[in-house]
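Just below is one structure, and these are the notes that go with it.
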2 protein chains.
Amino acid sequence: MSSVSKALELMTFFSGARPEIGLSEMRRLAGRDKATTYRHLQALQVFGLIEQNPETKNYRLGPALLQLAQLREQTVPRKAAARTAIQRLAEVTGETTHVSVMSGNTLYALDSCESEKHSTRAIIDIAIFPLHATASGLCALAFGTADLLEMAQADLKPFTASTPLTQDALASAVADVRRSGFGKSLGTFEADIHSLSAPLFDQDGHFAGAVSVASVATRFDPALERTIMQGLVAASRDITKNWGGRVPQNIEHKWEATLGGHTEMEHAT
Amino acid sequence: MSSVSKALELMTFFSGARPEIGLSEMRRLAGRDKATTYRHLQALQVFGLIEQNPETKNYRLGPALLQLAQLREQTVPRKAAARTAIQRLAEVTGETTHVSVMSGNTLYALDSCESEKHSTRAIIDIAIFPLHATASGLCALAFGTADLLEMAQADLKPFTASTPLTQDALASAVADVRRSGFGKSLGTFEADIHSLSAPLFDQDGHFAGAVSVASVATRFDPALERTIMQGLVAASRDITKNWGGRVPQNIEHKWEATLGGHTEMEHAT
DNA sequence: AACCGACGGTTCAATATATGAACCGATTAT
DNA sequence: ATAATCGGTTCATATATTGAACCGTCGGTT
């Protein structure tokens, strides 16, 4: 392990529960010598990545991170950060994929990507996703703030014959999403389109958006469904990471239970 | 120079003008061997501090910065980040100091600190700073968005006999602040208080707030004024840094011109 | 008041670790 | 075809990292 890695590892020990760490505690957490740990902390401090609380002498994350994060956001905005993931997802599924972001109480389309594989394909041309009628929307209802469900239940606009029109029908669909970890829309928004989606999360593990795959109903079968779900898991992990978020453990468990294990994907190279 | 520092230095080469950097260019910027540079980049990449643009193979700042920055903000909110600076400023000046933040079109008091040095001292008990009558407010008018001045000129409330009451009087005071880099209020808000202030800046170099010193008028003299201004410069640099911002070059030049050189302060240890 | 343990920080000999010249294969410009 | 870049890799060399032992200080205990 390079000394650079050893130094950088120290930064990973900070968390909401442990925002400040003294030299000795850091030394124990890292399992390294005190002198080594001290020099590493010094190096990090020079660049403002960490700083010392002048009162307690404890170390904490530093101000330089704010500038760097701002520059990162400027360099790779959320749309760009999701781009390669939905392209890859379109490739492995052969279907149209898209990402949406939650802003306030609205789920906005951010970007979409069509696959070349089939001549018939779904086309995403909506700017705002109806929460009760789309797979991405169901993800929002299942994993977003509680008030969303009330709002959605108050406005159950019918799009197709399958669109859930009663509060109970919607609640049951949402419960299904909460259980499986995947949003599912079988022709509820457009009659001949079947969609699956997975939630995306922010830094606090709160719902931040959704990634989804829209498949032509006639070629939707259990094998494709499984391929899509596996692809969604990988895409959600990837986009969530690129947005600086983290997928909560319980969601990972739901995915694993739904897919029956074997959800481990190769780590991005 | 430790190899940790050498690795971390690589991150400082990213900027708005140069958001992505290839291996060879990075090697040249750092003035180091290609293999070394490559290994350092790898180490940074493992921790998500940088990542590679998959298309161009160029390196750019990574997603981990978003999480770290968020945790930093959570650990050290703006008020706490300004605390030690205004304490030190109160010490070296022997006067009452305070910080304010710009939010929308309003300048809010964030924190203040009284010095023990004199038995008579200024007390800051306002929550919102009137822009035309306080030193901090004049900083906002001088360095904030242009619409602030119009708003302030439309509401020239008189506080003391010295409060500027005409648009011209205010415009001239603001011009003075723009020239010198310091806000100055000689009894314009409270008759027996003389205040000086310096602007604070965000990541983009935009006005973000002000730090100021309120002195009892009877002991205000050129020597104290100079001490205060020097202290303000150090405090503004410090707070701005802790908020993840940067003091624009032209402001530094103004301070230097006003103080006649010798504004270099010891760097924070 | 003397003691103890834990803290942050420092030193220096021993050696584990970083280094860079040379090399590779792929692209691109000439 | 040729040459110049590019990103990436190798391995002998030596330099920069390491950790045991050390300080001085602090807060609690005897």
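Letters A, B, ... mirror the listed sequences (proteins, then strands); counts begin at 1.
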Exercise. Rounding to a whole Å, what distance do you find between Leu23(B):CG and dT9(D):P?
Worked result: 10 Å

For this session: Check every strand shown and say whether Glu25(B) touches a base, only sugar-phosphate, or nothing at a heavy-atom separation below 4.0 Å.
Result: nothing

Problem set entry | Reference residue Arg88(B); test side-chain hydrogen bond (donor to acceptor under 3.5 Å, both in side chains); the match among Thr97(B), Thr93(B), Asp238(B) | Asp238(B)

For this session: Give a yes/no answer on whether the side chain of Ser3(A) brings an N or O atom under 4.0 Å of OP1 or OP2 in dA18(C).
Result: yes

Exercise. CE of Met26(A) versus C1' of dA6(C): gap in Å, rounded?
Worked result: 18 Å

Exercise. Does Lys34(B) make a side-chain donor-acceptor contact with the base of dG8(D), cut-off 3.5 Å?
Worked result: yes

Exercise. How close or far is atom C1' of dT11(C) from atom OH of Tyr38(A), stated in whole angstroms?
Worked result: 13 Å

For this session: Can you tell me the distance, in whole Å, between the CD atom of Glu55(A) and the C1' atom of dG27(D)?
Result: 18 Å

Exercise. Base, sugar-phosphate, or nothing: which does Arg32(B) touch, judged by heavy atoms less than 4.0 Å apart?
Worked result: nothing

Exercise. Got His98(B) and Phe129(B) here, is their nearest side-chain heavy-atom distance under 4.5 Å?
Worked result: yes

For this session: Let me know the distance between CD1 of Ile21(B) and P of dT5(D), rounded to the nearest Å.
Result: 20 Å

Exercise. In Å, rounded to the nearest 0.5 Å, how long is the span from CG of Leu66(B) to CZ of Arg78(A)?
Worked result: 10.0 Å

Exercise. Per the side-chain contact (heavy atoms from CB on, under 4.5 Å) rule, which among Arg28(A), Arg27(A), Gln42(A) passes with Thr37(A)?
Worked result: Arg27(A)

Exercise. According to a strict under-4.0 Å criterion, is His40(B) in side-chain N/O contact with OP1 or OP2 of dA18(C)?
Worked result: no

For this session: With heavy atoms under 4.0 Å as the rule, sort Arg28(A) into base, sugar-phosphate or nothing.
Result: sugar-phosphate

Exercise. Are OP1 or OP2 of dG8(D) and a side-chain N or O of Gln52(B) less than 4.0 angstrom apart?
Worked result: yes

Seminar exercise, completed: Result for 5'-nearest mapping on DNA chain D, choosing between Ser24(B) and Lys6(B), is Ser24(B)

Problem set entry | d(CZ, Arg39(A); P, dC12(C)) in whole Å | 13 Å

For this session: Please tell me if the side chains of Leu8(A) and Val4(B) come closer than 4.5 Å, counting only heavy atoms from C-beta onward.
Result: no

For this session: Quickly work out the Lys57(B) NZ to dT27(C) P distance and round it to whole Å.
Result: 10 Å

Exercise. According to a strict under-4.0 Å criterion, is Thr36(B) in side-chain N/O contact with OP1 or OP2 of dG20(C)?
Worked result: yes

Problem set entry | Asp33(A) CG to dG9(C) C1', straight-line distance once rounded to whole Å | 12 Å

